Every structure is written in structure tokens, then in C-alpha cells.
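Here is how names work: the chains are called A, B, and so on, in the same order as the sequence lines, proteins then strands, and each is numbered from 1. As the structure is a computational prediction, the values presented were derived from the model and not from experiment.
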Amino acid sequence: MKKYITTPIYYINGAPHVGHAFTTILGDVLKKFEQMRGNDVFYTTGTDEHGQKNQSSCQECGMAVQDFIDMRSGNFQKLFDAMKIDYDFFVHTSSQQHKNVVKDALDYIYKKGLIKKKSYEGLYCEGCEQFKKPSDLDEHGNCPDHQKAPKLITEENYFFPLEQDRQWLIDYINTHPDWIKPKRFAKEVLGMLAEPLDDLCISRPKSRVWLGVDLPFDDDFVTYIWFDALINYISSIGWKSQGDNAAFNETWAHCTHLLAKDILKTHAVYWPIMLKALGIEPPEHLIVHGYWLGEGGIKMSKSLGNVVDPYEVMDLMGIDPLRFYLCNAMSLSGDAQISIDLLKQGYKQLANNIGNLQMRVLKMIAKNLDGKVPSAAHLEAEDKALLENVANTFERIYKYGEPSLELVNELSAEILKAGDAVNAYFATQAPWVLAKDESKRERYEAVIYTTLDALRLIAVAVYPFMPSIAKKILVSLGQNDEIKAEFKPVVLKEGTQTIVGDPLFPFIA
RNA sequence: CGCGGGAUAGAGCAGCCCGGUAGCUCGUCAGGCUCAUAACCUGAAGGUCGUUGGUUCAAAUCCUUCUCCCGCAACCA
């Protein structure tokens, strides 16, 4: 089956942070998970390069527009490349390909008569370059940031009405309980839909905003940035208003959008209605996640010094443990916390659990079995039970699990549990005692075999989170590093040469 | 009364839908083990489940008051 996974395209008027890293890692994890199940995946991420704030920042630093965009967008792409994200396409909204689709889409719905022009009157603060609501102003009627009264201005703009589809969307949510995951966000969207929806203003006069896509039907305006940005999900896979959309349709049929909670409304209200106007079904799933806060639940900020920089983390422990931590720690019900200390805690757990397990068994057999996988001929019931438990757990998740935060939470937790179980088994069986007694030879080999084979199962299961660690484990077990999601026990072949390498998770201070 | 979510050992979380001895990881302490990466195994201490009132034989769980935190409530994204 063909699957399509997207991250939001990130607004380049800011540096990439751990939240961007998480969403993009989550997409990569889900892509690998789906691939292991035999699905074809097309995974996109990218940057949103238009809008008023980018325009202002660009002017402030005095760079040529495209140089500015390339520099800022490059910051994101560099991070994702450093994190070895396996994206298939990197979206640039300033690309001609994307702009063409935005214009095509706008033209299409304009000709369908779904866009209307009307005037808007509002209080506009020139300092903020934004319209203000009366409630945003201080007691003197001034903008609190600029201590200046906003001007009452009237503007002509183009609007895309939403209200006509509100009931349709409510019905859609109620009849598709898995559309928005986790469910609490579906509840919130229903709250947004409880009141009539205002028309969405989809244009900005060029006198205010020029960094954007020209409206195809009026050169004096550019497209509102969200209308532009959301189109990336269909421009990336070649939608067009006329002609053959067979390839598009096949990819779009199983589309999952990943997003953080702050952009729920755009994705769950505006976007489905935009798609409806274009004659396109809503995306199959929206996976919404919370924010990363600093330790103690305090918002990360430079002044508090609790900002977690992805590069710093990668320098400290590499990318795999960060991926694992983020997927394991993101909460289903709320926001999640991250700090260097919490990351170290997670790293240590991986080292002591999986890293130590690998090292203790491999070093043992290097000493007294020439590092070769022993025979599985004398496995006893408890050995088989351990392997089957581990294999069945992973088999179930890989077979029936659906991409979601629940899934990455559960799978990462089960991996740690499996590591614990194998460590406990190893300690209980005490193979170092068996090794000293020649009459216990068969039992010794059975215990070692069981431990090695369990480790193999863990390595395969952990691949979406820690691809590089997974491959290192498999190679140390004398396997090639091809990953197949087949969770059958007793696969290792007797006599296979294992290799004691460097620690998977070296000690960090 | 704007909408949704959160508040549970020193830290990070689960449990809440469907009420019945409060659980997991880390940390701390004690014991064990010695194959292994300041590791592993076993056990212990540590919580009036944010606050108020209520329903009930029984409340972390259901209803209610208030407080604090995160989003949304933008023609910022």
C-alpha cells in the first residue's frame, strides 16, 4: 500500500528547535515503521517561506529575498540532514512548482464562484503590521507594544467562506472517530465548530505584504500565507485541477498529517474545507502532538537557559537516543518535558538495558564459545516462552498498530520492557555459573542462544527509533543489516560468528 | 462563567472513560551477583493523587468551587 506522511512546513522566521526536530523525527519513525510492514511511503517536510514576518526579517537584515530564504530554509534542511531524516521531498513554498499549484487551486475555486471580494475595516497598528482587536489594546486604546493608537483602515480583500461546510465537517468528525488522533483534539475541533465560522480572508494587499504568491485573478494581492502553505500537501505530490490525477489520488488516499497542537485549527477546519472546494477528500489522519517544555513544565526560553538545542544533544549522545527519548516521552494527554538531564536519564536507561545486555552476552561467548552462536537444540520451555513473549509482542504491534503517538509510546516502552525481561532472565539463569560445569554445557548453550535471539528481536523492533543502533546490534550478531519485520523466534543459525564491538552507548558524563 | 488539555513520592510519567488495598522509570537506601558499560538481579523507604464542597458503604477516578501551567480564541505563523 502507498502511504503519504507529511510534517507541517516550518515557518523560517525563527531557528529550528526541538519541537521541529520532534515532528520531523516522528515522521521518519513512522515512515520506517510503515516500510517494515511492507508499505511504500512518501514522506515530505519543508519550509514556509512567505508572509509578513519573513518579509520584515528579510528587510531588517538587508539581504536579497532569495538569499534570505535559502539561508533560513537551509537552517532547517541542515538540521534534518544532520538528524539523518529520510524525507523524500523537501518543500519550498517559494519554488515555482508550489506556486503554480497554489495559483491553479485558487483559480479553480475562484471560477467555481467560491471566492468573494468585500471590504474589511479594522484597527491596524503600523508598528506590529497587524490588525488589532479592541481587547488587544491597553486602557488608552493604544497598542501595548508600541504605545501608539492603531489606525482605522478599510481594505478590500478576497474571502473564502467556510460556514457552508461547518455542518459537513462536524458530521465528518463524528463519523470518522480516528480522523484526528489523539481524540481530545477532535473534541477541541468540535468546540471550534460550535459557533458559525467567519469567512477566511485569503488575500493580502501588496502594499502590506509582497512576499507571497500572487493571486491569479488580481495582481494587487498576494495569497494569505496559510492558504498558500496548506497547499504544499497537494503540490508536493503533483495535484492539478485539470487532467490526470491518478498518481496524486493513489498517494493522497492514505495521507497522514503530523502537526503540533497550535496549528490544529488550520489543519482540521480550514484545510478540509479548502480540499472540499477542490474536490479532494480530507487527509486520512491527523496526528496532533503537544509541546516540549523544559523540566518542571516551564516553557523553554533563552533567558532561563533551559532551551534544548538538538545539535548540542546530538554532540553529546548521537541522534538515535534523542529519537528514542522523544518518541518514548511525548505524552498523549498533554505536553511533555525535556532537558539535558532527562535526556541523560533516558540515555543511561538505554545503555544499561540494551547496551549492557548486548555487551555482557557477547563478551561472554567471545571468551568461551569462540564468539559463535551456539546450538538451539536444547531450548527448554522457559527459554522458548521468553522468546515467544518478546516476538509476539512485537509481532502484534507491527501487525496491528496504526501510526500514532500511542504506537510510538507503546512500542518504545515494550522495547525497554523486553530488555528488562532478558536482563532478568540472564541474571536468573546465571550462565557464568553454568559455563564452569561441563555437565551443564547444553543448558549453558540454550541460555546463551535464547539471549542472543532475544537481542536480535529487540534490534529489529527498535529500528524505526534507532536505525543505526539496530544495525550495529544485528551486525554484532553476525547478521546482515537488512531489516525485516519478521518476529519469529529461533532464527539465529548455530556457528554464526558474532563480533564484540565498541559499546552501543558509551559512557557520558 | 469563551473552548480544549494538564496538576499523582525528590524528578519524569501511567492509572481516571467503566469508583473498590495508588503503579512504572530514574534517583535514594539495603542485600545479592560477578558475565557485563559507574553494570545486572532482589528488596525497602518515600505520596493526605493541586484546592473547596458534594454524591456514595467506598472517590486519584463521578459532580462542584477556586488556584496555577500549556494551547486556541489573530487579517502573526
Practice problem: Answer yes or no: is there an ion pair linking A:Arg443 with A:Asp383, defined by an N-O contact shorter than 4.0 Å? | Solution: yes
Exercise. Taking all heavy atoms of A:Ile69 and all of A:Ser94, pick out the closest pair and write down the distance.
Key: CG2-OG, 3.9 Å
Quiz prompt | Nucleotide of B:C40, B:C70, B:A77 approaching A:Asn352 most closely (side-chain heavy atoms) | solution = B:C40
Quiz item: Roughly how far apart, to the nearest Å, are B:A14 and B:C26 at atom C1'?
Solution: 15 Å
Quiz prompt | d(NZ, A:Lys183; C1', B:C3) in whole Å | solution = 20 Å
Exercise. Check RNA chain B against residues 10-19 of chain A and give the residues with a non-hydrogen atom under 4.0 Å, in numerical order.
Key: A:Tyr11
Tabulated below should be each protein N or O lying under 3.5 Å from an N or O of nucleotides 60-62 of chain B; please produce it.
none

Quiz item: Quick one: which of A:Phe227, A:Phe221, A:Phe217 gives a ring pair (Phe, Tyr, Trp, His ring centres under 6.0 Å) with A:Tyr110?
Solution: A:Phe217
Quiz item: Under 4.0 angstrom, heavy atoms only, what part of the nucleic acid is A:Gly296 near: base, sugar-phosphate, or nothing?
Solution: sugar-phosphate
Quiz prompt | Rounded C1' spacing from B:G53 to B:A11 in Å | solution = 32 Å
Self-check item: Which atom of A:Asp228 lies closest to which atom of A:Thr223, heavy atoms considered
Solution: N-CG2, 4.0 Å
Practice problem: Taking only the side-chain nitrogens and oxygens of A:Lys348, find out if one of them lies under 4.0 Å from OP1 or OP2 of B:G27. | Solution: yes
Exercise. Compute whether any side-chain donor of one residue and acceptor of the other, for A:Asp218 and A:Tyr158, lie under 3.5 angstrom apart.
Key: yes
Quiz item: Can you tell me if the side-chain N/O atoms of A:Gln349 get under 4.0 Å from OP1 or OP2 in B:U25?
Solution: no
Exercise. Please tell me which of A:Leu350 and A:Thr428 maps to the more 5' nucleotide of RNA chain B, matching each residue to the nucleotide holding its nearest heavy atom.
Key: A:Leu350
Practice problem: Can you tell me the distance, in whole Å, between the CH2 atom of A:Trp226 and the C1' atom of B:C72? | Solution: 13 Å
Quiz prompt | ring pair (Phe, Tyr, Trp, His ring centres under 6.0 Å) contacts in which one or both residues fall within residues 176-216 of chain A, not counting sequence neighbours | solution = A:Tyr172-A:His176, A:Tyr172-A:Trp179
Exercise. Quote, to the nearest angstrom, the C1' distance that separates B:A7 from B:U52.
Key: 16 Å
Practice problem: Please report the C-alpha distance between A:His267 and A:Trp226 in whole Å, then the side-chain angles of each, then the deciding distance to 0.1 Å, and finally whether the ring pair (Phe, Tyr, Trp, His ring centres under 6.0 Å) criterion is met. | Solution: CA-CA 10 Å; A:His267 284 76; A:Trp226 268 114; 5.8 Å; yes
Self-check item: Interatomic distance, A:His267 NE2 vs B:C72 P [rounded to whole Å]
Solution: 14 Å
Exercise. Side-chain contact test, heavy atoms from C-beta onward, threshold under 4.5 Å: evaluate it for A:Ser119 versus A:Asn157 and give yes or no.
Key: no
Quiz item: When rounded to the nearest Å, what value does the distance between C1' atoms of B:U37 and B:C18 take?
Solution: 45 Å
Quiz prompt | Protein proximity profile, nucleotides 4-10 of chain B - base contact B, sugar-phosphate-only contact S, no contact -, cut-off 4.0 Å on heavy atoms | solution = SSS----
Quiz item: Between A:Lys181 and A:Glu406, is there a salt bridge with N-O shorter than 4.0 Å?
Solution: no
Quiz item: Quick check: does any side chain N or O of A:Asp214 sit under 3.5 Å from a backbone N or O of A:Val222, one acting as donor and the other as acceptor?
Solution: no
Practice problem: Please measure how far the C1' atom in B:U61 lies from the corresponding atom in B:G6, and state the result in whole Å. | Solution: 16 Å
Quiz prompt | Separation of B:A77 P from A:Asp262 CG (nearest whole Å) | solution = 13 Å
Quiz prompt | Length of the CE-P vector between A:Met192 and B:C3, whole Å | solution = 13 Å
Quiz item: What base-paired stems does RNA chain B take part in, with at least 3 consecutive Watson-Crick or G-U wobble pairs and both distances under 3.5 Å?
Solution: B:2-7 with B:67-72, B:10-13 with B:23-26, B:28-32 with B:40-44
Quiz item: Atom CG of A:Asn409 to atom P of B:U25: distance rounded to whole Å?
Solution: 16 Å
Practice problem: Pick base, sugar-phosphate or nothing for A:Asn157, based on heavy-atom distances below 4.0 Å to the nucleic acid. | Solution: base
Exercise. For A:Glu195, answer base if it contacts any base atom (sugar-phosphate contacts may also be present), sugar-phosphate if it contacts only those atoms, and nothing otherwise; contact means non-hydrogen atoms under 4.0 Å.
Key: nothing
Quiz item: Under 4.0 Å: is that the gap between some side-chain N or O of A:Lys299 and OP1 or OP2 of B:G71?
Solution: yes
Quiz item: What is the distance, rounded to the nearest whole Å, between atom CG of A:Leu162 and atom P of B:A74?
Solution: 13 Å
Quiz item: At under 4.0 Å between heavy atoms, what does A:Phe159 touch on the DNA or RNA strands: base, sugar-phosphate, or nothing?
Solution: base
Practice problem: Go through B:C13, B:U25, B:C40 for me and flag the one nearest to the A:Ala427 side chain. | Solution: B:C40
Exercise. Can you tell me, in whole Å, how much space there is between the C1' of B:U51 and that of B:U65?
Key: 9 Å
Quiz item: Using the C1' atom in both, what is the distance from B:A45 to B:A58, to the nearest Å?
Solution: 29 Å
Exercise. Measure the distance from CD1 on A:Ile298 to P on B:A11 and round it to the nearest whole Å.
Key: 12 Å
Quiz prompt | Nearest-nucleotide pick for A:Trp432, side chain only, options being B:G27, B:C41, B:C35 | solution = B:C35
Self-check item: Minimum side-chain heavy-atom gap A:Ile225-A:Tyr11 below 4.5 Å
Solution: yes
Quiz item: Are the side chain of A:Asp437 and the backbone N or O of A:Ser439 linked by a donor-acceptor pair below 3.5 Å?
Solution: yes
Quiz item: Side chain of A:Lys53: nearest nucleotide among B:C76, B:A14, B:C40?
Solution: B:C76
Exercise. Locate the shortest heavy-atom distance separating A:Met300 from A:Leu293; write the atom from each residue and the value.
Key: CG-C, 4.2 Å
Quiz prompt | Aromatic stack A:Phe507/B:A38: centroid gap under 5.5 Å, interplanar angle under 30° | solution = yes
Quiz item: Should the pair A:Asp178-A:Lys183 be classified as a salt bridge under the 4.0 Å nitrogen-to-oxygen rule?
Solution: yes
Quiz item: Checking all strands, does A:Ser331 fall into the base, sugar-phosphate, or nothing category for heavy-atom contacts under 4.0 angstrom?
Solution: sugar-phosphate
Exercise. Please examine the side chains of A:Glu382 and A:Leu386, heavy atoms only from C-beta on, and report whether any two atoms are closer than 4.5 Å.
Key: no
Exercise. Mind running a 4.0 Å heavy-atom check of residues 353-367 of chain A against RNA chain B and sending the residues that fall below it, in number order?
Key: A:Gly355, A:Asn356, A:Met359, A:Arg360, A:Lys363, A:Met364, A:Lys367
Exercise. With the side chain counted from C-beta on, respond yes when A:Lys344 and A:Lys348 share a heavy-atom pair under 4.5 Å apart, and no when they do not.
Key: no
Quiz item: Do NZ/NE/NH1/NH2 and the carboxylate oxygens of A:Asp199 and A:Lys116 come within less than 4.0 Å?
Solution: yes
Exercise. Taking the side chain as every heavy atom from C-beta outward, state whether A:His98 and A:His92 have any pair of such atoms under 4.5 Å apart.
Key: no
Practice problem: Determine the interatomic distance between C1' on B:U8 and the same-named atom on B:U48; round to the nearest Å. | Solution: 12 Å
Quiz item: Should the pair A:Lys472-A:Asp502 be classified as a salt bridge under the 4.0 Å nitrogen-to-oxygen rule?
Solution: no
